[in-house]
Amino acid sequence: MERDTFYVTTPIYYVTARPHLGSLYSTLLADILARWQRLRGKETFMLTGTDEHGQKVAQAAQEAGKHPKIFVDSFIDAYKRTWREYAIDYNRFIRTTDPNHVAAVQHWLRQMVAKDEIYKDAYTGWYCTPCETFVTEKDAGDVVLEGPPACPSCGRATHKISEECYFFRLSAYQDKLLAWYKEHPDFILPRERAHEVINFVKAGLKDLCISRTAIDWGIPFPGDKKHIAYVWADALNNYITAIGYAQKGKEQEFKKWWPADVHVLGKDIVRFHAIYWPAFLMATDLPLPHQLLVHGWIKINQQKMSKSLGNVVDPDVLQENYGADQVRFYLARHMAVNHDGDFSTADLERTITADLANSIGNLLNRTLTLAEQHGLREVASPPAWANAALELRDAGATMVEEFVAHMAELHIHLALASLMKFVAQVNAYFHAAQPWKIAKSDAKAFAEVIAATCESLRMVGLLLTPIMPTKMQELLGSIGVRLKEGHNTIGELEANVWNHTFVLKRGKPLFEKPEKTTESAAPATAQPPSSEQIKIDDFAKVELRVGTIQECEPVPKSDKLYKLQVNLGPLGMRQVLSGIQKYFAPDDLIGKQAVFVCNLKPRKMLGLESQGMLLVSEDADGKLQLITVGASVPDGERIR
Ligand code: MSP
């Protein structure tokens with residue numbers, strides 16, 4: 001029987017930096033699914049949060065010279081702000097440092113030890129810190145290896161660890177997992193991802209080391225102070241601890257939401273969710289989640305976004321330039337959930353112009369303007385629709401059917417493709433009917449065209465609400481349609497009854513066409529004069545960050561250049577050359593925070609590479625001064 005609740009989760013993000021477009025994508029997919037189920041009248045719970053323990057976070061904190069808790073705390077507001085800007089309607093933001101999560105994970109570990117699902121032994125093997133994962137030689141391939149194997153997820157070199165460890169009896173779950181995948185062919189979506197997982201499990205599972213002694217930033221292992229919980233054993237459990245697992249008085253809440261309907265995750269973390277997590281749950285005697293929605297990566301020029309490549313897209317800047325709903329629509333329409341997709345601002349601008357401004361916005365605007373010009377403030381459906389309107393209504397019914405079917409498969413981009421095809425049909429109907437010509441001569445026919453267009457816009461507006469919640473509320477408001485909470489709006493749309501009365505109110509255009517920013521750049525040779533105005537986009541391209549100068553020494557054979565070692569927090573250390581010897585002694589600079597341009601192409605000077613540029617200004621006496629910031633700004637923080 002279909003449940004009337006829906007529980008969806010995002011991965012919890014490692015807090016070593018502010019959220020980027022990739023983090024937004026995972027979160028947005030979960031938000032869209034939650035909003036979609038709400039539109040079907042279901043009570044929903046959406047969970048997101050941050051993964052705050054483990055070696056990766058500890059290392060980043062150390063590089064920033066901060067205690068890990070202070071370090072992770074410094075990013076939480078940025079996450080919450082970005083999610084707010086993008087209207088992410090989550091029910092809980094869990095942090096793995098939350099005391100109730102910590103206590104519940106410890107309870108889980110105690111229970112696992114008591115059930116003999118976990119035992120203590122010695123471990124020697126390879127570990128990938130960026131992925132926080134143990135790498136067996138089998139994972140790395142069949143070659144006989146000398147030296148550290150590369151991590152199969154990220155390709156980076158692993159390092160050897162040798163320590164006493166608590167092992168989870170993962171090997172005991174091989175057959176049970178294979179049986180589960182077989183009985184639940186929709187467990188992993190898209191289905192092609194399931195093959196990788198099944199092959200991996202078939203090749204044999206080893207017991208999994210789920211504690212660490214090399215670091216102390218994590219959940220203490222109950223009864224054994226030397227150990228902390230392995231970060232994935234800690235993090236995966238967030239999906240149950242957030243809704244009350246092992247917490248007094250929360251039994252009903254837990255029963256209400258668990259098992260999750262959908263875990264959204266990127267393709268890089270499938271193994272943890274499709275193998276470890278189900279095995280943990282089986283060992284805990286808890287039901288398994290219904291589905292994993294595995295999405296591809298957002299790439300920039302075919303490359304994965306990463307801090308080290310300096311190609312990370314900032315969702316806050318996109319929101320400021322284009323609007324949150326526009327970016328939400330673009331990501332949902334343009335990125336095929338099951339594939340990697342390339343992001344570009346030119347493409348984003350094209351989508352906003354073509355789909356939103358020209359197709360949807362313009363249709364709404366023309367309808368409302370015409371109605372207003374001819375004194376039509378309220379329009380009801382006629383007793384009988386003409387053939388052209390009936391055809392449009394049928395096309396609408398087909399579109400809703402397709403949309404619902406695609407959403408059931410979690411193929412959001414295909415659902416939107418069907419919807420945009422219908423929008424084109426509505427536009428074609430509107431143009432063919434020429435309401436501007438018949439307004440005076442045939443008021444009845446004119447009113448029918450306006451009514452049929454409003455019926456179509458109502459369908460479009462309701463279906464797009466999960467994608468563009470704010471803009472679609474505006475659209476629906478301008479034709480007098482109100483979204484009913486807790487009501488099965490989708491069921492109503494499937495019934496396809498066109499009998500509504502629309503109260504029309506023209507406002508400002510729904511979508512502005514973006515000014516072209518990417519393709520209008522001046523020829524490379526033409527340098528703009530310093531007083532020329534630039535667009536915010538141009539400024540956003542410059543990555544200014546705060547860093548602390550940790551070392552400073554003159555460059556041999558130069559009377560101008562200093563070689564600086566700069567701590568940029570989560571970005572690590574960078575070498576920056578600066579021609580300021582004349583103005584500062586090394587001691588004037590060491591330990592000082594200053595502002596650096598961080599995305600300049602590295603440049604060689606006197607055989608040394610400069611990986612950034614120090615900013616200075618001149619005071620009234622002609623002396624150079626560092627550009628400084630307030631005391632509370634962490635190293636690596638972006639200046640915008
Ligand atoms: N902390 C773990 C998840 C634990 S869940 C119990 C983690 N964190 S992460 O911050 O590295 O990644 C979180 C999610 O962001 C993953 O689903 C990952 O795939 C997604 N993305 C990170 N970069 C991405 C892109 N460039 N494109 C799309 N999503 C990608 O893994």
Using 30° and 60° as the class boundaries, would you call the ring planes of Phe221 and Tyr166 parallel, tilted or perpendicular? parallel
CZ-CZ distance between Arg95 and Phe75, expressed to the nearest 0.5 angstrom: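 Output value for this atom pair is 11.5 Å.
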Less than 4.0 Å between a side-chain N and a carboxylate O, is that true for Lys42 and Asp261?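 The answer is no: the pair does not qualify as a salt bridge.
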Can any side-chain N or O of Gln106 pair as donor or acceptor with the backbone N or O of Pro220 at less than 3.5 Å?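 Checked: pair present.
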Do Cys209 and Cys165 have their SG atoms less than 2.5 Å apart?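 Judged by the SG atoms alone, which are under 2.5 Å apart, Cys165 and Cys209 are bridged.
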Side-chain (Trp297) to main-chain (Gly266) donor-acceptor, under 3.5 angstrom: no
Point-to-point distance, once rounded to the nearest 0.5 Å, from CD1 of Ile88 to CZ of Arg328: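 Ile88 atom CD1 to Arg328 atom CZ measures 5.0 Å (nearest 0.5 Å).
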Minimum heavy-atom separation for Tyr90 to Lys80, with atom names? OH-CG, 3.9 Å
Asn199, CG atom: more than 12 neighbouring heavy atoms under 6.0 Å: yes
State, yes or no, whether a side-chain contact exists between Leu24 and Trp83 at a heavy-atom distance under 4.5 Å. yes
Glu543 bridged to Arg638 by N-O distance under 4.0 Å: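 Salt bridge: no.
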Ring-face cation of Arg212 near Tyr127 (centre distance under 6.0 Å, axis angle within 45°):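 Verdict for Tyr127: a cation-pi partner in Arg212.
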What's the separation between atom OG1 in Thr241 and atom NE2 in His107, rounded to the nearest 0.5 Å?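 Interatomic distance, Thr241 OG1 to His107 NE2, rounded to 0.5 Å: 12.0 Å.
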Establish, from distance only, whether the side-chain atoms of Thr44 and Gln37 form a donor-acceptor pair under 3.5 Å.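 No, Gln37 and Thr44 have no side-chain donor paired with an acceptor closer than 3.5 Å.
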Which atom of Thr158 lies closest to which atom of Cys151, heavy atoms considered: CG2-N, 3.9 Å
Could you tell me whether a side-chain N or O of Gln575 sits under 3.5 Å from a main-chain N or O of Glu609, the two making a donor and an acceptor?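 Checking the backbone N and O of Glu609 against the side chain of Gln575, a donor-acceptor pair under 3.5 Å is found.
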Would you tell me whether His263 and Thr9 have side-chain atoms, one donor and one acceptor, within less than 3.5 Å of each other? yes
Work out which heavy atom in Ala34 is nearest to a heavy atom in Val8; give both atom names and the distance.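 In this case the closest contact between Ala34 and Val8 is CB-CG1, 3.8 Å.
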Looking at every heavy atom in both Ala332 and Ile467, which two are closest together, and how far apart are they?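 The answer is CB-CG2, 4.0 Å.
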Does any N or O in the side chain of Asn599 come within less than 3.5 Å of the main-chain N or O of Gly310, such that one atom is a donor and the other an acceptor?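 Judged by distance alone, no pair lies under 3.5 Å.
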Against the six-membered ring of Phe596, is Arg574 placed for a cation-pi contact (under 6.0 Å from the centre, within 45° of the normal)? no
Would you call Lys304-Asp340 a salt bridge at under 4.0 Å N-O?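 Salt bridge between Lys304 and Asp340, a charged N being under 4.0 Å from a carboxylate O: no.
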Student check: side-chain heavy atoms of Thr97 and Thr50 closer than 4.5 Å: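 Heavy-atom side-chain distance check fails, nothing below 4.5 Å.
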Less than 4.5 Å apart, side chain to side chain, heavy atoms only: is that true for Ile243 and Lys250? no
Determine whether the aromatic ring centres of residues Phe343 and Tyr330 are separated by less than 6.0 angstrom.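 Yes: the rings meet the under 6.0 Å criterion.
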Main chain of Thr129, side chain of Lys56: is a donor-acceptor contact present, judged purely on distance under 3.5 Å?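 No, Lys56 side chain to Thr129 backbone: no donor-acceptor pair under 3.5 Å.
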With a 3.5 Å distance limit and no angle check, can you tell me whether Tyr86 reaches the backbone of Pro315 through a side-chain donor-acceptor pair? yes
Identify the heavy atoms of Ala17 and Tyr79 that sit nearest to each other, and give their distance.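 What the structure gives for the nearest pair is O-CE1, 3.5 Å.
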Contact between Asp4 and Glu43 at the side-chain level, heavy atoms closer than 4.5 Å - yes or no?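 When only atoms from C-beta onward are counted, Glu43 and Asp4 do not touch, as no gap falls below 4.5 Å.
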Measuring centre to centre across the rings, with the benzene-like ring taken for any Trp, is His273 within less than 6.0 Å of Trp277?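 That pair fails the under 6.0 Å test.
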Polar side-chain atom of Glu132 near backbone of Trp232 as donor-acceptor pair, under 3.5 Å: no
Counting only heavy atoms not in His339, do more than 12 sit closer than 6.0 Å to its NE2 atom? no
Could you check Trp36 against Ile412 for side-chain contact (heavy atoms from CB on, under 4.5 Å), going step by step and ending with a plain yes or no? CA-CA 10 Å; Trp36 171 249; Ile412 301 170; over 6 Å; no
Counting only heavy atoms not in Gln62, do more than 12 fall under 6.0 Å of its CD? no
On a heavy-atom basis, the closest approach of Leu410 and Val337 is O-CG2, 4.0 Å
Distance, nearest 0.5 Å, that separates CZ of Phe45 from CG of Asn91: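 Rounded to the nearest 0.5 Å, the CZ-CG separation comes to 5.0 Å.
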Hey, are the side chains of Leu170 and Tyr276 touching, using non-hydrogen atoms and a 4.5 Å cut-off? yes
SB check Asp635 Lys66 (cutoff 4.0 Å): no
Close side-chain approach of Asn238 to Leu47, heavy-atom, < 4.5 Å: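 The answer is yes, as the side chains (C-beta and beyond) meet within the 4.5 Å cut-off.
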Give the C-alpha distance, both sets of side-chain angles, the deciding distance and a yes or no for side-chain contact (heavy atoms from CB on, under 4.5 Å) between Arg193 and Val197. CA-CA 7 Å; Arg193 292 257 171 246; Val197 171; 5.8 Å; no
Ring centroids only, cut at 6.0 angstrom: are Tyr245 and Trp108 within range, meaning strictly under it? no
CG of Leu265 to CG of Leu293: how many Å apart, nearest 0.5 Å?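 Leu265 atom CG to Leu293 atom CG measures 7.0 Å (nearest 0.5 Å).
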Tell me, with the steps shown, if Phe403 and Ile490 meet side-chain contact (heavy atoms from CB on, under 4.5 Å). CA-CA 10 Å; Phe403 197 102; Ile490 302 305; over 6 Å; no
Between Arg191 and Asp186, does a salt bridge (charged side-chain N to carboxylate O under 4.0 Å, His left out) hold up when you go through it step by step? CA-CA 7 Å; Arg191 287 182 192 86; Asp186 288 340; 2.6 Å; yes
Between Thr548 and Asn567, is any side-chain donor less than 3.5 angstrom from a side-chain acceptor? no
Gap separating the NZ atom of Lys120 from the CG atom of Asp224, nearest 0.5 angstrom: 4.0 Å
Does the ring center of Trp180 lie less than 6.0 Å from the ring center of Tyr173?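 Between Tyr173 and Trp180, which both carry aromatic rings, the centre distance is not below 6.0 Å.
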Side-chain donor or acceptor of Asp31 paired with backbone N/O of Asp89 under 3.5 Å: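 Yes; at least one donor-acceptor contact below 3.5 Å.
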Can you tell if the side chain of Thr96 reaches within under 4.5 Å of the side chain of Val231, non-hydrogen atoms only? no
Would you say the side-chain atoms of Gln174 pair up with the backbone N or O of Val201, donor to acceptor, closer than 3.5 Å?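 Pair found, side chain donor or acceptor close to backbone of Val201.
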Beyond-backbone contact of Leu178 with Lys202, side-chain heavy atoms, under 4.5 angstrom: yes
Would you sort out whether Tyr13 and Thr48 count as a side-chain contact (heavy atoms from CB on, under 4.5 Å), showing the intermediate values? CA-CA 9 Å; Tyr13 303 97; Thr48 191; 3.8 Å; yes
Under the side-chain hydrogen bond (donor to acceptor under 3.5 Å, both in side chains) rule, what do His101 and Asn237 come out as? Steps first, then yes or no, please. CA-CA 8 Å; His101 170 79; Asn237 273 302; over 6 Å; no
Return yes if some donor-acceptor pair links the side-chain N/O of Tyr181 with the main-chain N/O of Ala274 below 3.5 Å, else return no. yes
